[in-house]
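Please read the structure below before turning to the comments.
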Number of protein chains: 2
Amino acid sequence: MVVFCRGREGPRVFRTLCGWAAMALFLSTYTNKVDKKGRVSVPASFRAALAEQLVQGIVVFCSHQHDCLEGFDWAKMDEIGDRLDHYDLFSDDQDDLATTVFGESVQLFFDGEGRVVLPADLMEAAGIGESATFVGLGRKFQIWSPDRFEERKNRARAAVRDKGLTVPKGGEGRS
Amino acid sequence: MVVFCRGREGPRVFRTLCGWAAMALFLSTYTNKVDKKGRVSVPASFRAALAEQLVQGIVVFCSHQHDCLEGFDWAKMDEIGDRLDHYDLFSDDQDDLATTVFGESVQLFFDGEGRVVLPADLMEAAGIGESATFVGLGRKFQIWSPDRFEERKNRARAAVRDKGLTVPKGGEGRS
DNA sequence: TGGATATTTATGGGATAGCATGGGTTTATT
DNA sequence: AATAAACCCATGCTATCCCATAAATATCCA
C-alpha cells in the first residue's frame, strides 16, 4: 500500500482520492488467506473506501448477533466516543455501553502491504482459520469464516425473498 | 493532507502524531502483570492516546459503582471539574462527588518504560493482585482484577442486550 | 488494436524494533 | 541511616517493517 499525494499521480490515484473516497462504501465480498502470523490482506477496494483514514486502520470487534467480526473506520468509532460522552459520566448505562463497545473492540493498523493482523482470540470467536471472507455492508463490513458465511448468505437471501424486504427510504431505518 | 508512509521513521511516528494523539480514545482490554513493587505497564496504545498531554501520567481513583479503578487523562480531569461546577456550589451532592472524585484520586507518573506504580490501598480496594486488566472505555478507562472484570463484562453485555441500549442519537454503535 | 511494459494485489519470509517484564542502583525524603 | 521512590539497564517475545515473488490489471505506444 502506498498513499502518495504528491508527484505525478495517475488516474488511479486520483480516483482513489476523489471518486471512491466520496462514496466510502464497502462493497462485495472477498476471501483472502490468513497466514501463520495472522495477517490478512484487507481488500484493496475496502482500503480505498477508507481513503484518508488509512493511517488509523480499521476497528474490529466480535459481533453479538452472528459468529463474525464487525469492522468499520476510525471516524465511526470517534463519533461513537463523542456520543457516549454525552451520557452522565458515571451512569450505569454509559458504563455498560462503553464496556461492550470500546472494551471489546480493537484497532488494527495496516502494514506496508495493506494487511492487518487478526488477534487470535477474535479469530477463534469467529471461527476463522486459513482464510477470511470480507463482506461489504456499506458503511461497515464483516469478516467471516468462509464456510459460515456461505450458510449465512443463504439464510439472508431466503429471508429477503420470504419477507419481501426492501431498502427503507431516507433516514436510518432501524438501529 | 500529505500522507507519507515511507521513509525512515515509518508509519509509527505518523500514527503517533496524527492518528492517536489527535483523538484520544482508549480501546480494547489488556491484561498486564503487577510486579512486587506494584509496577504495571500501561498499555502502549493508552500511552499513545495520552501522548500530547503536558503532564506525562494518568489520574486514577476508586470507582464507586464497581470494584475497580477509574483512570483518566489530565484533560478529562479538567472537564470533570467543570461538570461538577454545574452543581450548586455548596450542595451536598457536589461536596460528595468532589470529595470522592478529587479527594481520593491519585496522579500516577510513568517511569522510563511506561509503567506506573499502583498504590497499595487502591490495589486492595479493587482486588488487584498479580495482574491488572486495563479496559478502554473511550474517553476514560478502568483497571480491574482480571477475574472480576470477566464477570463485569458479562453483566455489561447482558445489560446492553436486555435494556436494548444503543449509542444515543442515530449512531448505530453496532448491529 | 494488440502486444509489450508497468502497476497493483495478494502472498510469503527474514530482520528488527518495540513492548512488557524483571532486577539492580542511584537519588529523594525525613 | 533507613526506606521508598525514581532511574537505568538487560531480557525474551512478538508485532512490525522491509524485501521478494507471482498473478492479475492496467497503461503505453507503435
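In what follows, every chain begins at residue 1, and chains take the letters A, B, ... in the order their sequences are listed.
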- Step by step, would you call Glu104(A) with Leu27(B) a side-chain contact (heavy atoms from CB on, under 4.5 Å)? CA-CA 8 Å; Glu104(A) 300 185 36; Leu27(B) 272 193; over 6 Å; no

- Heavy atoms only: give me the nearest Phe110(A)-Gly57(A) pair and the separation to one decimal.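 So the minimum-distance heavy-atom pair works out to CE1-CA, 3.8 Å.
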
- Message: Minimum heavy-atom separation for Ile58(B) and Phe141(B), please, with both atom names.
- Response: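 Nearest pair, atom of Ile58(B) first, then Phe141(B): CD1-CZ, 3.9 Å.
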
- Asp67(B): partners by salt bridge (charged side-chain N to carboxylate O under 4.0 Å, His left out), with sequence neighbours left out: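 Result, salt bridge (charged side-chain N to carboxylate O under 4.0 Å, His left out) vs Asp67(B): Arg148(B).
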
- Note on the structure: Contact string for nucleotides 6-12 of chain D, one letter per nucleotide 5' to 3', B = base within protein heavy-atom range under 4.0 Å, S = sugar-phosphate only, - = neither, reads BBBB---

- Quick one: does Asp73(A)'s side chain get under 4.5 Å of Gln56(A)'s, heavy atoms only?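 Side-chain contact under 4.5 Å: no.
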
- Query: Considering only heavy atoms from C-beta outward, does the side chain of Ser105(B) approach that of Met77(B) to under 4.5 Å?
  - Reply: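 The answer is yes, as the side chains (C-beta and beyond) meet within the 4.5 Å cut-off.
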
Atom [atom1] of [X] and atom [atom2] of [N]: how far apart are they, to the nearest Å?
X	N	atom1	atom2	value
Asn32(B)	dG22(C)	CG	C1'	14 Å
Phe46(A)	dT8(C)	CZ	P	21 Å
Asp35(B)	dA4(D)	CG	C1'	14 Å
Tyr30(B)	dT14(D)	OH	P	16 Å
Lys33(B)	dC13(D)	NZ	C1'	13 Å

- Classify the nucleic acid contact of Val116(B) as base, sugar-phosphate or nothing, counting any heavy atom under 4.0 Å across all strands shown.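 Nothing, no nucleic acid heavy atom in range.
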
- Message: Which residues in residues 123-133 of chain A have a heavy atom closer than 4.0 Å to any atom of DNA chain C?
- Response: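 Result for residues 123-133 of chain A: none.
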
- Could you walk me through whether Gln65(B) and Glu70(B) pass the side-chain contact (heavy atoms from CB on, under 4.5 Å) test, one step at a time? CA-CA 10 Å; Gln65(B) 354 171 231; Glu70(B) 303 259 350; 4.2 Å; yes

- Item | Reference residue Thr133(B); test side chain to side chain donor-acceptor pair (under 3.5 Å); the match among Asp147(B), Thr31(B), Asn32(B) |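 Between Thr133(B) and the candidates, side chain to side chain donor-acceptor pair (under 3.5 Å) is satisfied uniquely by Thr31(B).
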
- Query: What class does the angle between the rings of Phe72(B) and Phe61(B) fall in, given that below 30° is parallel, 30 to 60° is tilted and above 60° is perpendicular?
  - Reply: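 Phe72(B) and Phe61(B): parallel rings.
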
- Task: Would you mind listing the cluster partners of Val167(A)? Hydrophobic ones only (ILVMFWY), side-chain contacts under 4.5 Å, chaining allowed.
- Result: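 Direct or chained contacts put Val167(A) with none.
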
- How does the hydrophobic cluster around Leu137(A) look, that is, which other residues are in it when side-chain heavy atoms under 4.5 Å mark a link?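 Direct or chained contacts put Leu137(A) with Val135(A), Trp144(A), Phe149(A).
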
- Task: Return the angle between end axes of the helix from dT1(C)-dA30(D) to dT30(C)-dA1(D), with five pairs used per end and rounding to 10°.
- Result: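 The value is 60°.
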
